[in-house]
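Proteins get letters first, then strands, A, B, ... in listed order; numbering begins at 1 in each.
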Number of protein chains: 2
Amino acid sequence: MPSTELPQQMSARRIDRPVPLRERVYQAMQELIISRQLAPGQHLVESELAEMLGVSRQPIREALQLLNSEGWVDLRPGYGAFVHAPTDAEVDQLLVVRAALEAESARLAALNADTEGVKRLRKLCAEGEAAVAADDIDSMVAANAELHRCVTELSGNQVLLDFVSQVDRRVRWYYTPIARHRGITSWQEHARLIDAIEQGDAESAARIMREHTEHTRQSYLEQRSENPEPDVAPVQVRSRRRRTAPNL
Amino acid sequence: MPSTELPQQMSARRIDRPVPLRERVYQAMQELIISRQLAPGQHLVESELAEMLGVSRQPIREALQLLNSEGWVDLRPGYGAFVHAPTDAEVDQLLVVRAALEAESARLAALNADTEGVKRLRKLCAEGEAAVAADDIDSMVAANAELHRCVTELSGNQVLLDFVSQVDRRVRWYYTPIARHRGITSWQEHARLIDAIEQGDAESAARIMREHTEHTRQSYLEQRSENPEPDVAPVQVRSRRRRTAPNL
DNA sequence: ACCTCGACTTCTGCATACAGAATACTGTAT
DNA sequence: ATACAGTATTCTGTATGCAGAAGTCGAGGT
C-alpha cells in the first residue's frame, strides 16, 4: 500500500497558525486524484480514507465538501462520494470556458499591464523557450502554467484569477499529457501575445489568446482519440489495515 | 428574533431521498445573507447558528464550507466564519467576469440554438416586455434572469452554465436594486440579441451581449454611487435563547 | 436456473464530547 | 487614567458514538 502522507506544511501563513487538517486532507486527496491513485468513478468511503490518512472522518468529510464544490468528486447524498469521472464532452466544455476566461484576461492585461509586468512575461517566455530548446518538458509545462497565470494576474482582476485558477486545475488534470504533444508552436504564439499586450492592443491580445487556447483544445481532442485513458493502478482504499498513527 | 425556519423541501428529487440538513442549512443561510439579515462582515458563530436553526454544529460547518467555496462567507482557519463583505472593486470584477462568460454563452447559443430554443427566447422576451409595460418590476426581473439563463442553456455547455449560475447568484446579491433602475432599454437590447442568435451570427450575439452586460455594469456603478448601502437590520445571532426543537 | 424476499452488513448523516487556541476581561501597577 | 499581565471565557478543530438508510448476500420458492 502506497504511503499517503499528508503534506507537512503547504505555504507560508501569516501567523504560525497550524494548517487545519481538512486543508491538508484536501491537498492530499486532490493529488491522489490527479495522479489517478484514486481512480475516476471510484467510491470514496469516508472511514477508509480516514484510516488511510490517519485522521477522523470529520476532516475527511469537510475536504470532500470542498472537492465536490470544485468538481473533483461527486457527492450523492445518502450514498457517498465518488471521484468525478469527466466525460470527453465535459473536458471540452471546460476548455471552452477557459478559453473565454483567458481571452478576457489577455484583453484586460493589454489594458492594464505596465512595463514591469511585460518584463515578467518576457522572462517567463524566455524560460519556456529555453526549456523547449533543452527538451525539458517538465520545465516547459511549468513555465507555460506560470506564463498564463501571470497574464491573468496582470489583468488586475482578482475574481477572474480565482475562476481561471479553478478551471485550470481541473483542466490540467486531463491536460498534462497534451503539453508533450505541442511545444514549439505554442511558444511562438506566446511571443505574439506578449507583443500585443505590450502595445496595449486589447482586441489582438484577446484574439491571440483565444486562438492559442483553441489550438490547445484541438490538440486535446486529437491526443484524446489516440490514447484514450492513461490507466494508473489505483490505491487500494478498501484495505483493512489497522489505524497506526496520524500521518501528519 | 425573526423565525428562521429551514425550507421543508427544495426541489423534486429523483427518489424520495430526504434532503440532507446541510443543504437546507446552506439554502437558509444563503437567503439570510442575500436578505442582509446576516450582515456583511458579521462573525458567524457556529454554535449560535446551530441553535438558531435547531441543528447541531456539524451541518452548519459543512454548509459554511460550501458557502465559503462560493464566496458567500470567508473562513479564517482557527478564527471563524464571516459573511463576505464585497468591495466595490470586487463586485465590478465579478461583473466583468460575468460579461465574459455571458458573451461566450451568446456566441455559442448563436451557433447552437434551434428554432425551438429561439421560440423560448422570444416568449421570455415578450413576457419581459409585458412586465415592463405593466410596470411590474418583480416579473421583469424574473423574466430577465430566465432569459439570460435560457441563453446560457442554449449554448449547450453545461460547465459554462454552472459557472454563470454561480457568478450570477453572487452578482444578484448586490445587483437586484439595479433592475429598478434600467428597464426598457434593456429589453430592446434583448430583442437585438435574439435576432443575432436566430440568424446564427455568433460574433454579433457575443458583441451585443457584452455591450448589454457592460451597460448593466455602468448602471451598477451609477446606482452604487447614489445609494451606498441598503442597510437591513441584521439577525441578532448572539441570542442566548434555549434550543427549542429542530426548525425543520 | 432464475427470481424474490428478508436478514445482515456497511456506510452515511447527525449529534455530542473534548482539547487547544484565541479573545475578552479584570485587577493591578505606574 | 492608562498600560500591562494574568485569568476566565468563548469558539474552533477534531474525535467518537449512534441511528437510520442503502446495499449485499443468501435462502427459499417457482
Side-chain angles (χ1 to χ4, degrees), chain A residues 6 9-10 13-29 41-68 73-83 237-240 242-248, chain B residues 6 9-10 13-29 42-68 73-83 237-248:
Chain A
L6 266 46
Q9 287 285 0
M10 3 204 283
R13 287 261 162 180
R14 314 186 173 182
I15 294 294
D16 199 23
R17 204 191 301 284
V19 178
L21 278 186
R22 63 157 181 266
E23 290 195 25
R24 287 192 270 173
V25 170
Y26 165 78
Q27 285 285 334
M29 289 191 59
Q42 181 173 351
H43 184 187
L44 300 174
V45 178
E46 296 173 2
S47 57
E48 289 165 358
L49 289 169
E51 199 176 325
M52 189 166 103
L53 296 172
V55 299
S56 79
R57 277 178 55 208
Q58 171 103 2
I60 299 286
R61 279 181 72 83
E62 298 187 359
L64 286 175
Q65 301 284 335
L66 236 149
L67 291 164
N68 173 60
V73 310
D74 299 320
L75 240 43
R76 280 193 269 168
Y79 191 49
F82 298 80
V83 178
V237 176
R238 308 195 66 90
S239 87
R240 280 270 141 249
R242 262 317 326 116
R243 172 161 169 186
T244 58
N247 299 334
L248 310 181
Chain B
L6 266 47
Q9 286 285 1
M10 1 203 286
R13 287 261 163 181
R14 315 184 172 183
I15 293 293
D16 199 24
R17 204 192 302 285
V19 179
L21 278 188
R22 62 158 181 265
E23 289 195 26
R24 287 193 271 172
V25 170
Y26 165 79
Q27 285 284 335
M29 289 192 58
Q42 181 173 352
H43 184 187
L44 300 174
V45 177
E46 295 173 2
S47 57
E48 289 164 359
L49 289 170
E51 200 176 323
M52 189 166 103
L53 296 173
V55 300
S56 79
R57 277 177 55 209
Q58 171 107 2
I60 299 286
R61 280 182 71 83
E62 296 185 0
L64 286 175
Q65 302 283 336
L66 234 149
L67 292 164
N68 172 61
V73 310
D74 300 320
L75 241 42
R76 281 194 269 167
Y79 191 48
F82 298 80
V83 178
V237 176
R238 307 195 68 88
S239 86
R240 283 267 141 253
R241 184 188 63 146
R242 262 318 325 116
R243 172 161 170 188
T244 57
N247 298 334
L248 309 180

Check every atom of C:dA22, D:dG23, C:dC14 against the side chain of B:Ser56 and return the nucleotide holding the closest atom. C:dC14
In Å, rounded to the nearest 0.5 Å, how long is the span from CG of B:Leu67 to CD of A:Gln65? 11.0 Å
Pick out which of A:Leu49, A:Leu66, A:Leu53 makes a side-chain contact (heavy atoms from CB on, under 4.5 Å) with A:Val25. A:Leu53
Quick check: closest heavy atoms across A:Gly41 and A:Phe82, and the distance to 0.1 Å? O-CD2, 3.7 Å
Whole-Å gap separating P (D:dA21) and CZ (A:Arg76): 19 Å
For A:Gln58, what residues pass the side chain to side chain donor-acceptor pair (under 3.5 Å) criterion, not counting sequence neighbours? A:Glu62
Write down the distance between OH (B:Tyr26) and P (C:dG13), rounded to a whole number of angstrom. 17 Å
Let me confirm one number: the CG-CE distance from A:Leu64 to A:Met29, rounded to the nearest 0.5 Å. 4.5 Å
Under 4.0 angstrom between A:His43 side-chain N/O and C:dT12 OP1 or OP2: yes
How long is the line joining CG of B:Leu53 and P of C:dG13, in whole Å? 19 Å
A:Arg57 atom CZ is separated from C:dC11 atom C1', nearest whole Å, by 7 Å
Quick one: CD on B:Glu46 to CD on B:Glu48, what's the gap to the nearest 0.5 Å? 10.5 Å
Atom CD of A:Glu46 and atom C1' of C:dT10: how far apart are they, to the nearest Å? 12 Å
Out of C:dC11, C:dT23, D:dA15, whichever nucleotide has its closest atom nearest the side chain of A:Glu48: C:dC11
Whole Å only: how far is the CG atom of B:Leu21 from the P atom of C:dG13? 11 Å
Near-strand residues of residues 58-65 of chain A, defined as heavy-atom separation under 4.0 angstrom from DNA chain C: A:Arg61
B:Arg22 atom CZ is separated from C:dA15 atom P, nearest whole Å, by 13 Å
